Amino acid sequence: MSKPFYITTTLPYVNSIPHIGFATEIIRADSIARWKRASGFEVFSNTGTDEHGLKIFQKAKEAGIEPQVYVDQVASKFKELLPILGISPEVNFIRTTDKHHTKAAQTFWQLVDKNGFIYKKNYSVKYCIGCELEKTESELVEGKCPLHPLQSLEIINEENYFFRFSAFQEQLLDLYDKSSSSSVNNSTESSRQPFVIPESRQREIRAFVERGLDDFSISRLKSKMPWGIPVPEDEEQVMYVWFDALVNYVSAVGWPDDVVADKAMPGSFKKWCVETGGMVQYCGKDNLRQQSAMWQAMLLAAGLPTSKTVIVDGFVTADGGVKMSKSLGNTVDPVALVKEFGTDAMRYYCLHELHPFEDSPCTVERFKDAYNANLANGLGNLVSRVMKMAETSGITIADKLKTYEDSLKSGKFIVSAILSTEYMAGLEEYNLKKSMDAIWSIIAVSDKLIQVKQPFKLVKSEDDKDKADGKSCIETLLNNIHTIGVALQPFMPTTAQMILECIYNNKMPATPLFLRK
RNA sequence: CGCGGGGUAGAGCAGCGGUAGCUCGUCAGGCUCAUAACCUGAAGAUCGCCGGUUCGAUUCCGGCCCCCGCAACCA
């Protein structure tokens, strides 16, 4: 019986069109999902859109349309992005305006309330008339709004619901301290992993929780901001967007229907959130608190199992680590990159050129350099030169690949021993760059081998021994690119397929895999 | 003393107690199977600054300077 595995991205907030950070996150999550699927796991992978809250309400107002119309438009942009990035079609796409999610969020609220972790409190906010916005202390400069320093701030008192976040300090610390174990494929060897990856982020959140937690507001007055899920049994309040959005990770797998009434998706919550050992979440570093502390506390408050792992990405920046922003005009549009370089090139860049956990830059220039060096000159060129030799000399390994293919079908994702250790370790640690590095090291070794042994000469030799050497060298090279093709499957599925087909048909690619730009 | 990350060749990064490594770029040579691709070699770094520990520090400790995030509505 196949084991279940659940991985999710953070739902991007639809106040703007998809950016490269989200593309990176979902490409990584998809690569993990594909690898798990190839390894015989039954995989639920989740993404979607976070659609409530003040910013969206305002955006819709600006555009002069209903919020629902606005979010429908933007959500479809996100949905359209998935095939462009080569995300497997099995991915679940949840919208926080979906009916069943709305209902789940309300049930979640009631459950947390019933367990005594929600209370009502007077909440005073500073409001800048100039901006028409509430201001937090951190936004103020010397107690005044930096944009409107001459106007004084209005203090508004309103009643909000609060979540008893402070009650979960100890449980959160326990969660961080207990390490989850992950087994390497079917072997018994297991490695210890922090709850938050990388460990530096775990230290960061741990330190934050250790300092003490403040309860936070989880509702807004409907009269001021109606675009949210209604708080159960209170006409005047809607949920704060985070409280609602985070619930998607459980509503996506059918909670609470399968638990409460056992009808819509019977047992699915148990399967994906319990039997898996918990969900694996990807998020950006700005989401560290929400995902690894607030959400975990909410789950605990509702009596539900916590996540298994939270993987924290860095940001994609412009040159020199400068933040990308529309006003600086230094953003990079993932759709435009795919259009120019192709889906797998985009996946390649996100997986191999960007740092797996820290900030790293992406510009069109860098993208092009990496593309030419590693895809056109590296991978693509190697496949061409090896296949050309194999084709013209009639040397093939296709007939020897049958057993291997059979084992793939039985859900064993096996890569050749020359690559196994590093490659597998990278996947286990969610350090996909490490796995990609391992693949690219085979490319380098193979190019060198061709240079040193010159099999293209040997196979034409009159000498039988030279001829045999040449043949065996070409077979080695074919095995190498076969290994590369297999190993690339989770990362660059289309390219992987093309490489394998070349080998099976013993034909060099009709057109280069990656044309030089 | 709010929290965290970082400062290593032109660029992007790795190393973390004992001849300073990788990728891209630059220059020179080689090869011709390949997408003017590939291979080899060279140039290029007082490892942010100052002290300390040590036989020995880029690596450990202390101080300082500079960048960059976060600070409870941005992946």
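Keep in mind that the numbers below use all heavy atoms, side chains included, and drop hydrogens, waters and symmetry copies. In this text, all values refer to a predicted model and were calculated from it rather than measured experimentally. Just so it is clear: chains get the letters A, B, ... in the order the sequence lines come, proteins before strands, and each one is counted from 1.
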Quiz item: Hey, does A:Leu288 reach any base, or is it just sugar-phosphate, or nothing, if we go heavy atoms under 4.0 Å?
Solution: nothing
Quiz prompt | Candidates B:C31, B:A75, B:A37 - which lies nearest the side chain of A:Phe456 | solution = B:C31
Exercise. Rounded to the nearest angstrom, tell me the gap between atom CD in A:Glu204 and atom P in B:A71.
Key: 11 Å
Quiz prompt | Distance, C1' atom - from B:G44 to B:C31, rounded to whole angstrom | solution = 27 Å
Practice problem: Determine the interatomic distance between C1' on B:U59 and the same-named atom on B:G7; round to the nearest Å. | Solution: 15 Å
Practice problem: Have a look at A:Asn381 and say if it touches a base, only the backbone sugar-phosphate, or nothing, with a 4.0 Å heavy-atom cut-off. | Solution: base
Quiz prompt | Nearest to side-chain heavy atoms of A:Lys460, which nucleotide of B:C33, B:U35, B:C39 | solution = B:C33
Exercise. Look at all strands and tell whether A:Phe208 reaches a base, only sugar-phosphate, or nothing, counting heavy atoms closer than 4.0 Å.
Key: base
Quiz prompt | C1' gap between B:A37 and B:U32, integer Å | solution = 10 Å
Exercise. Ignoring backbone atoms, establish whether A:Arg516 has a side-chain N or O less than 4.0 Å from OP1 or OP2 of B:A37.
Key: yes
Quiz item: Measuring from A:Lys61:NZ to A:Lys59:NZ, what's the distance to the nearest 0.5 Å?
Solution: 14.5 Å
Practice problem: Quote, to the nearest angstrom, the P distance that separates B:U23 from B:G41. | Solution: 11 Å
Exercise. Taking atom P in both B:C50 and B:U40, compute the distance separating them and give it to the nearest angstrom.
Key: 38 Å
Quiz prompt | OP1 or OP2 of B:A14 under 4.0 Å from side-chain N/O of A:His355 | solution = yes
Quiz item: Do other residues, nucleotides or ligands put more than 12 heavy atoms under 6.0 Å from A:Lys120 NZ?
Solution: yes
Exercise. Calculate the interatomic distance between A:Asn374 atom CG and B:C13 atom P; express it in whole Å.
Key: 16 Å
Practice problem: Check every strand shown and say whether A:Trp242 touches a base, only sugar-phosphate, or nothing at a heavy-atom separation below 4.0 Å. | Solution: sugar-phosphate
Quiz item: Expressed as a whole number of Å, how far does the C1' atom of B:A11 sit from that of B:G63?
Solution: 31 Å
Quiz prompt | Between P of B:A72 and OH of A:Tyr13, the distance in whole Å | solution = 16 Å
Quiz item: Is B:C49 paired to anything, Watson-Crick or G-U wobble with both distances less than 3.5 Å, and if yes, which nucleotide?
Solution: B:G63
Exercise. Could you please name the partner base of B:G44, counting Watson-Crick and G-U wobble pairs only when both distances are under 3.5 Å?
Key: none
Quiz prompt | Mate of B:G29 where both pairing distances stay under 3.5 Å, Watson-Crick or G-U | solution = B:C39
Self-check item: Distance, rounded to the nearest Å, where A:Ile395 contributes CD1 and B:C33 contributes P
Solution: 15 Å
Quiz item: Is the number of heavy atoms from other residues, nucleotides or ligands within 6.0 Å of NZ (A:Lys368) greater than 12?
Solution: no
Quiz item: Just checking, is any N or O donor in the side chain of A:His355 or A:Ser360 under 3.5 Å from an acceptor N or O on the other one?
Solution: no
Practice problem: Using a cut-off of strictly less than 4.0 Å, decide whether A:Lys55 has a side-chain nitrogen or oxygen near OP1 or OP2 of B:C74. | Solution: no
Quiz item: Mind checking the P distance from B:G15 to B:G5? Whole angstroms is fine.
Solution: 15 Å
Quiz item: Can you tell me the Watson-Crick or wobble partner of B:G4, both distances under 3.5 angstrom?
Solution: B:C68
Quiz prompt | Minimum-distance nucleotide (side-chain atoms of A:Ala373 versus B:C24, B:C33, B:A75) | solution = B:C24
Quiz prompt | Identified pairing partner of B:G21, criterion: Watson-Crick or G-U wobble below 3.5 Å | solution = B:C13
Practice problem: For A:Gly21, answer base if it contacts any base atom (sugar-phosphate contacts may also be present), sugar-phosphate if it contacts only those atoms, and nothing otherwise; contact means non-hydrogen atoms under 4.0 Å. | Solution: base
Quiz prompt | Worked check of salt bridge (charged side-chain N to carboxylate O under 4.0 Å, His left out) between A:Glu199 and A:Arg203 | solution = CA-CA 6 Å; A:Glu199 205 149 11; A:Arg203 266 182 260 125; 5.4 Å; no
Practice problem: Any strand is fair game: report the nucleotide pairing with B:A57 by Watson-Crick or G-U wobble, both distances under 3.5 Å, or none. | Solution: none
Practice problem: Check the distance between B:C31's C1' and A:Leu449's CG and give it to me in whole angstrom. | Solution: 14 Å
Quiz item: When you match A:Lys433 and A:Gly314 each to their closest nucleotide on RNA chain B, which lands nearer the 5' end?
Solution: A:Lys433
Exercise. Let me know, please, whether A:Met389 or A:Arg366 comes out on the 5' side of the other along RNA chain B by nearest nucleotide.
Key: A:Arg366
Quiz item: Are A:Gln291 and A:Tyr249 linked by a side-chain donor-acceptor pair shorter than 3.5 Å?
Solution: yes
Self-check item: Rounded interatomic separation in angstrom, taking CG from A:Asp359 and C1' from B:G6
Solution: 10 Å
Quiz item: Salt-bridged, A:Lys457 to A:Asp466, with N to O below 4.0 Å?
Solution: no
Exercise. Give a yes/no answer on whether the side chain of A:Lys388 brings an N or O atom under 4.0 Å of OP1 or OP2 in B:U32.
Key: no
Quiz item: Hey, does A:Gly380 reach any base, or is it just sugar-phosphate, or nothing, if we go heavy atoms under 4.0 Å?
Solution: base
Self-check item: Ring centres under 6.0 angstrom apart (A:Phe117, A:Phe168)
Solution: yes
Quiz item: Between B:G56 and B:G48, how far is it from one C1' atom to the other, in whole Å?
Solution: 22 Å
Quiz item: Of the nucleotides B:C38, B:A75, B:A71, which one has an atom closest to the side chain of A:Arg289?
Solution: B:A71
Exercise. Figure out the NZ/P separation between A:Lys448 and B:C33, and round it to whole Å.
Key: 22 Å
Quiz item: A:Tyr282 near the nucleic acid: base, sugar-phosphate alone, or nothing, with a heavy-atom cut-off under 4.0 Å?
Solution: nothing
Quiz item: So, is A:Gln454 close to the B:C39 phosphate, meaning a side-chain N or O under 4.0 Å from OP1 or OP2?
Solution: no
Exercise. Look at the side-chain N and O atoms of A:Asn377 and state whether any lies under 4.0 Å from the OP1 or OP2 oxygen of B:U35.
Key: no
Exercise. In whole angstrom, give the distance that lies between atom CH2 of A:Trp440 and atom P of B:U23.
Key: 15 Å
Self-check item: Side chain of A:Arg211 (C-beta onward), nearest among B:A72, B:C38, B:C3
Solution: B:C3
Exercise. Determine, for A:Phe208 and A:Arg289, whether the Lys NZ or Arg CZ falls below 6.0 Å from the six-membered ring centre while staying within 45 degrees of the axis.
Key: yes
Self-check item: Minimum-distance nucleotide (side-chain atoms of A:Val316 versus B:U35, B:A75, B:C38)
Solution: B:A75
Self-check item: Nearest to side-chain heavy atoms of A:Pro361, which nucleotide of B:G5, B:A34, B:C13
Solution: B:C13
